[in-house]
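The structure appears below as structure tokens.
Sequence lines set the chain letters: A, B, ... in the order given, protein chains first and strands last, and positions in each chain run from 1.
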Amino acid sequence: MNALSTQSSNNDKGIIPKQKTDIEAEIGEVYDRHYVEIFRFVYNRVDDKETAADIVGTTFLKALKNSSKFTSRHSGALKSWIFTIASNEVLLHFRSRKVKAKYYVEMEKIKEWGQEENFGEDSVALLVECLEQLPDQDYELIQWKYFDHLSFADIAGITGKTEESLRIALFRIRKKLASTLLNLSKSRGIEILLAITILIFAF
Amino acid sequence: MKTKRTIVTNRKPITDSEILSYKKPFSSLSKMVNNSHLFSGGKSILGYGITGLAVVAVATMATYLLTTGQPESKSNADLISSATEDSTILIAQNENGREIKPPFGEIISYETFRIDNRKPQEIKTKNGSIIHIPANTFVDKDGNEVVKDIEIRYRDFYNPFDIYLAGIPMDYDSAGVNYSFMSAGMFQIDAQANGNQLFMKEGKIIDISLVSEKEEIYNFYEYDTFSNEWVYLYREMEENLQPLTQNKATEDYSYSFSQDDSVHDTVDYNLLPQKDYTQNQLIRSFVGQRKMEVKEPESYIFTASPEMYKNTEYYALDSLMLEIDSKENFKPSYYHVRWDRVELAQQDNDLLLILHKGRTATSFRVTPVIKPQDYKNVILAFNEEKQEQATRKQEREERRKIQADLQEKTNRFSTMRNIQIGSLGTYNCDYPIPQPQMAKKGALRVYDQNQQRLFTNEIIVCQPNSNISWTYNQRAPNAYLYYYSGNQQNVGWFVTKSGKLAILYPESFDRSKSDSCLAVVYDSDEGIKMLNRLMN
């Protein structure tokens with residue numbers, strides 16, 4: 001279920017704040033409407049709930065602190081801007097601890113992505129291994145789209161890329177992932193679940 | 001292989017209510033912000049140092065953008081920064097975008113294809129490009145899938161004048177430098193159902209194999225009709241370019257005409273012979289096509305089994321009676337022969353009954369015996385079939401012509417560029433070229449063949465061989481400054497204030513003086529023909 005897309009509203013799109021109080025009110029609306037999604041977004045990248053809550057709090061504090069500098073004329077930019085700050089906060093969190101990035105993905109979400117009832121744990125493990133080997137920016141796209149359930153519009157806002165180029169990039173990543181999965185399964189002598197390959201190729 | 005990250009899949013999911021238990025009132029955050037000293041020390045109250053975050057944020061964005069080449073897409077736009085203390089967001093701001101507006105109306109025609117949205121489709125265009133559309137790709141403005149009556153409109157462009165006629169801007173000015181696109185192939189694709197615009201469903205990708213004259217790697221752009229600017233999508237990869245052999249393109253193209261072409265249309269249908277034999281009784285019929293069942297030997301009328309006449313004009317009838325014309329030659333003993341084969345054949349305007357036995361064959365001219373109403377139905381069916389045959393014949397002629405054109409065009413196209421698009425619109429395989437520094441400077445004033453001064457807003461100059469054009473705006477009121485190549489053939493054109501097409505012929509450039517040059521003015525239709533000749 002794409003929680004973000006279903007809960008997003010036009011109210012946080014097309015905002016062109018002119019007064020500080022206006023934008024503070026708009027940030028407050030994003031806070032109220034999207035706290036859960038932003039929390040999950042952060043929590044998928046950190047070890048515990050308390051850390052996630054701290055990062056989300058810091059994210060909104062920084063948004064408020066810098067609200068006067070937010071001059072974007074793009075629709076939906078405010079929410080994307082806050083996601084960008086949250087993403088940066090997570091990066092800072094890892095960098096300050098000098099640890100390798102870690103992502104928490106629920107098994108059910110991977111199975112859901114697989115759309116395969118008999119998607120066994122072996123298959124999940126194989127797919128996870130492939131995901132762990134993807135280049136950073138490729139994996140981030142997968143994570144944002146399929147595990148964080150961000151819309152293309154939100155991802156476009158975070159990355160500064162167009163939705164069109166993101167769709168194409170994602171298509172190519174999935175093809176690459178399918179190819180890696182196939183090669184890995186062959187090298188291991190594991191009979192690949194055809195469905196996995198198909199799902200990655202298919203839209 | 002060394003992993004780049006760790007993915008954990010066995011953590012217990014968190015519920016929404018649990019998340020909300022961490023949510024503080026927003027007013028408490030606002031109060032914290034008002035205590036600005038909390039941020040001035042370089043460490044937030046929540047324990048996360050913000051020093052250096054700017055570096056991280058900018059580096060993150062820059063890494064992402066640089067690895068994908070995105071900055072090139074904004075080279076024609078002002079990049080303004082909305083910087084916070086800790087992060088920077090780059091926003092493209094278009095200042096000089098021009099909307100797509102054909103100067104003389106829609107002259108460059110679209111190819112139209114009717115498709116069924118429920119099945120994957122492969123469309124082959126007249127130039128040999130191939131469009132692969134997955135099933136269930138199109139939705140209406142409300143996101144509902146549309147199944148029937150979908151029309152795909154497609155056109156592609158391979159020379160600057162066609163692009164100009166389509167009204168698609170191919171130039172931009174960046175930091176005072178005039179750039180233009182050198183195209184390796186541009187196309188427009190859209191979809192409609194009953195006149196309503198359709199859209200691609202999110203996540204669907206259309207694969208296009210675009211024929212191209214260029215073999216090099218280019219960038220791929222989409223024209224953003226909202227901001228009226230070209231948006232960089234990606235740089236092509238070598239594996240997405242395939243050499244195009246002449247024969248292959250032609251063969252592939254022929255496969256696109258797979259509709260039933262087996263029905264012969266060599267018969268020149270005329271009106272059927274007509275007799276009203278409604279008073280006659282059915283007296284004989286062929287049994288199993290091989291033997292006549294005799295009822296009234298003297299009437300020479302029999303029924304034909306449907307198998308016999310299924311390939312004649314009478315196929316529309318449930319039953320067909322025939323009367324033998326050449327009665328003097330018909331022997332009653334024929335009724336009792338078990339023939340090897342009995343057939344009806346059309347010969348000019350005659351219908352022949354042919355009876356085969358061993359190596360011998362005996363034929364008799366026969367006349368269909370049809371009830372008036374049946375006759376009307378046959379004529380109706382005939383006319384419809386005749387119309388269909390004529391249509392098929394015309395289609396075949398068009399196909400032959402297209403294939404002949406294609407054969408000629410495949411001499412132009414050397415490469416197939418494999419492209420994926422996620423939305424309908426205008427796309428371009430291009431490379432931005434700055435204005436050549438060593439070009440010659442053109443005239444400031446332009447005169448027509450009658451020595452009358454000409455005025456326009458812009459002049460387009462191109463070198464047909466290099467497939468690139470430059471647009472020059474007025475430098476001062478009614479004064480122009482354009483450049484042209486000193487070692488290639490140049491062609492120029494512009495629309496006059498009175499809406500006519502003025503052409504600067506190659507000779508005009510060679511003979512132009514520093515302050516004036518000659519343009520020949522035509523009515524738009526004639527001018528377009530002249531320029532098409534020059535460009536091709």
Checklist entry - In this structure, which one of Tyr43(A), Phe41(A), Tyr139(A) forms a ring-ring contact (aromatic ring centres under 6.0 Å, His included) with Tyr103(A)? => result Tyr139(A)
Checklist entry - Can a salt bridge be assigned to the pair Glu145(B) and Arg118(B) using a cut-off of 4.0 Å between side-chain N and carboxylate O? => result no
Checklist entry - For Gln420(B), is it the side chain, the backbone, both or neither that has a heavy atom under 4.5 Å from a heavy atom of chain A? => result both
Checklist entry - Within 45° of the six-membered ring axis of Phe152(A) and under 6.0 Å from that ring's centre, is NZ or CZ of Arg167(A) located there? => result yes
Checklist entry - In terms of heavy-atom pairs under 4.5 Å, which option from Leu134(A), Ile27(A), Val128(A) contacts chain B the most? => result Leu134(A)
Checklist entry - Heavy-atom distance under 4.5 Å to chain A: side chain of Met237(B), backbone, both or neither? => result side chain
Checklist entry - Think Arg33(A) forms a cation-pi with Tyr31(A), using NZ or CZ under 6.0 Å from the six-ring centre and within 45 degrees of its axis? => result no
Checklist entry - Using non-hydrogen atoms only, which part of Thr137(B) is less than 4.5 Å away from chain A: side chain, backbone, both, or neither? => result neither
